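Quantities reported herein were computed from a predicted structural model and do not represent experimental measurements.
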Amino acid sequence: MARSEGIDPREFGLKTLFFSGEPGAGIPVTRRRIEATFGGRCFDSGNMAEMTPWMTNGECAEQSGMHLWQDITYAQVCDPRTFEPLPYGRRGTPVYTHLERTSQPMIRLLSGDLATWTDEPCPCGRTYPRLPGGVFGRIDDMFIVRGENVYPSAIEDVLVAAPGYGGEYRIVISRSEAMDELVVQMEVDEAAHRRGQSDPEQFEALRRQVSERLRATLGVRATVKLEPPGALPRTEFKARRVIDNRDLYREINREPT
């Protein structure tokens with residue numbers, strides 16, 4: 001928005017930027033894009049609104065992942081199905097317990113986030129466990145396509161790194177006969193759109209490049225469609241970017257009872 005008004009975001013003079021809530025600052029490509037845009041360092045923090053009055057997961061100056069401040073809120077990373085605590089190095093969902101709060105304490109509150117944790121020493125010297133990859137998704141965001149677990153954040157990571165990415169995308173899961181189909185619509189920026197109009201082969205090369213990177217990352221083939229600027233609905237906050245049409249297919253093809 002700033003650039004559309006002729007303003008360079010670096011002119012704001014922001015040197016340190018703190019983010020929390022949606023996966024973004026913990027996604028490496030998105031972090032680099034934020035830092036390049038504003039010219040400041042990007043730090044990720046997190047937890048849950050129910051665990052207030054402050055965030056108890058936060059990055060240090062080393063930016064090596066969010067430290068879990070265990071002496072304020074005790075955190076575990078648990079299996080998303082059984083909710084049993086997982087050993088360090090495993091991927092699961094953080095679960096939090098208040099240690100100091102006496103008004104409305106939370107005991108083993110399920111976050112529903114996805115993260116991997118570690119107890120490896122941080123260069124800063126702190127000994128708290130860390131979430132080295134930050135929060136990269138939600139357990140209820142995951143979907144299965146052809147037997148593979150797919151996370152929207154993994155798709156976003158590929159798209160943000162693609163040359164010509166316009167900042168918006170949509171994921172459509174459908175069904176063709178007996179097979180799941182994954183369609184990723186990627187909006188391109190103005191420059192990529194102009195190049196595509198003057199050189200369709202270059203546009204097709206970009207589409208193939210994104211498709212190949214998605215397959216390597218996800219382990220499943222995705223049909224990539226490049227959309228012109230402004231073609232996709234604008235999304236804000238927790239807006240829905242994933243559309244699963246398989247339920248409609250199953251409903252239509254359901255055997256009569």
Side-chain angles (χ1 to χ4, degrees), residues 12-142 151-154 156-157 160 237-238:
F12 297 149
L14 301 176
K15 301 300 182 185
T16 304
L17 299 96
F18 292 95
F19 293 85
S20 67
E22 294 296 313
I27 298 174
V29 174
T30 303
R31 178 197 294 267
R32 290 195 294 271
R33 188 175 183 184
I34 292 171
E35 292 185 332
T37 298
F38 290 95
R41 297 185 71 193
C42 176
F43 293 87
D44 200 10
S45 59
N47 204 310
M48 302 170 66
E50 294 84 355
M51 304 305 292
T52 53
W54 49 71
M55 294 293 179
T56 57
N57 307 345
E59 282 191 303
C60 63
E62 299 293 335
Q63 295 180 298
S64 58
M66 290 191 286
H67 290 276
L68 302 173
W69 302 349
Q70 298 286 59
D71 48 355
I72 299 173
T73 295
Y74 185 72
Q76 300 169 299
V77 172
C78 299
D79 186 290
R81 292 166 304 216
T82 66
F83 306 115
E84 292 293 324
L86 292 172
Y88 293 118
R90 296 283 297 278
R91 171 187 292 183
T93 182
V95 173
Y96 302 107
T97 298
H98 280 135
L99 296 181
E100 294 186 352
R101 186 172 172 180
T102 57
S103 172
Q104 197 183 12
M106 297 293 174
I107 311 298
R108 299 203 79 226
L109 181 63
L110 174 69
S111 70
D113 293 328
L114 276 169
T116 301
W117 70 336
T118 181
D119 64 343
E120 294 180 358
C122 178
C124 76
R126 291 179 176 86
T127 57
Y128 291 122
R130 286 179 293 121
L131 306 181
V135 171
F136 49 79
R138 298 272 307 167
I139 59 176
D140 51 2
D141 284 345
M142 187 201 78
Y151 297 97
S153 57
E156 181 178 1
D157 206 10
V160 172
F237 303 107
K238 296 182 182 294

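- When side chains are defined from C-beta on, Thr73 counts as touching His98, because their heavy atoms get closer than 4.5 Å.
- Sorted by first and then second residue, the pairs that involve residues 75-88 and meet side chain to side chain donor-acceptor pair (under 3.5 Å), not counting sequence neighbours, are Gln76-Arg108.
- Partners of Ile139 under the side-chain contact (heavy atoms from CB on, under 4.5 Å) rule, at least two apart in sequence or in another chain, are Pro80, Thr93, Leu114.
- A donor-acceptor pair under 3.5 Å links the side-chain atoms of Ser45 to the main chain of Phe19, judged by distance alone.
- Here Thr97 contributes atom OG1 and Ile107 contributes atom CD1; the two are 5.5 Å apart, rounded to the nearest 0.5 Å.
- In this view, Tyr96 satisfies the ring pair (Phe, Tyr, Trp, His ring centres under 6.0 Å) rule with no residue, not counting sequence neighbours.
- Annotation for Met48 and Leu110: closest pair CE-O, 3.5 Å, computed over non-hydrogen atoms.
- Qualifying side-chain contact (heavy atoms from CB on, under 4.5 Å) partners for Glu100, counting only residues two or more places apart in sequence or in other chains: none.
- The salt bridge (Lys or Arg N to Asp or Glu O under 4.0 Å) contacts involving residues 60-70 comprise nothing, where partners must be two or more places apart or lie in separate chains.
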Trace of the side chain to side chain contact (heavy atoms under 4.5 Å, CB included) decision for Thr116 with Arg90: CA-CA 6 Å; Thr116 301; Arg90 296 283 297 278; over 6 Å; no
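- For Phe83, there are no ring pair (Phe, Tyr, Trp, His ring centres under 6.0 Å) partners two or more places apart in sequence or in a different chain.
- To the nearest 0.5 angstrom, Cys42 atom SG is 13.0 Å from Arg33 atom CZ.
- Listed by chain and residue number, nothing satisfies the side-chain contact (heavy atoms from CB on, under 4.5 Å) test with Thr102 (two or more places apart in sequence, or in another chain).
- For the side-chain hydrogen bond (donor to acceptor under 3.5 Å, both in side chains) test, residues two or more places apart in sequence or in another chain that qualify with Arg41 are Gln63.
- Separation of atoms CD1 (Ile34) and CG (Asp44) is listed at 9.0 Å; rounding is to 0.5 Å.
- Under the rule for a side-chain hydrogen bond (donor to acceptor under 3.5 Å, both in side chains), the partners of Thr56 that lie at least two apart in sequence or sit in another chain are Asn47.
- Between Val160 and Arg32 the shortest side-chain heavy-atom distance does not fall below 4.5 Å.
- Looking at residues two or more places apart in sequence or on another chain, you find no side-chain hydrogen bond (donor to acceptor under 3.5 Å, both in side chains) involving Tyr151.
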Please tabulate, one pair per line, all N/O donor-acceptor pairs under 3.5 Å involving side-chain atoms of residues 124-133, not counting sequence neighbours.
{"unit_1": "Tyr128", "atom_1": "OH", "unit_2": "Asp71", "atom_2": "OD1", "d": "3.0"}
{"unit_1": "Tyr128", "atom_1": "OH", "unit_2": "Asp71", "atom_2": "OD2", "d": "3.1"}
{"unit_1": "Arg130", "atom_1": "NH1", "unit_2": "Ser64", "atom_2": "O", "d": "2.6"}
{"unit_1": "Arg130", "atom_1": "NH2", "unit_2": "Glu120", "atom_2": "O", "d": "3.0"}

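- The CH2 atom of Trp117 lies 7.5 Å from the SG atom of Cys78; values are rounded to the nearest 0.5 Å.
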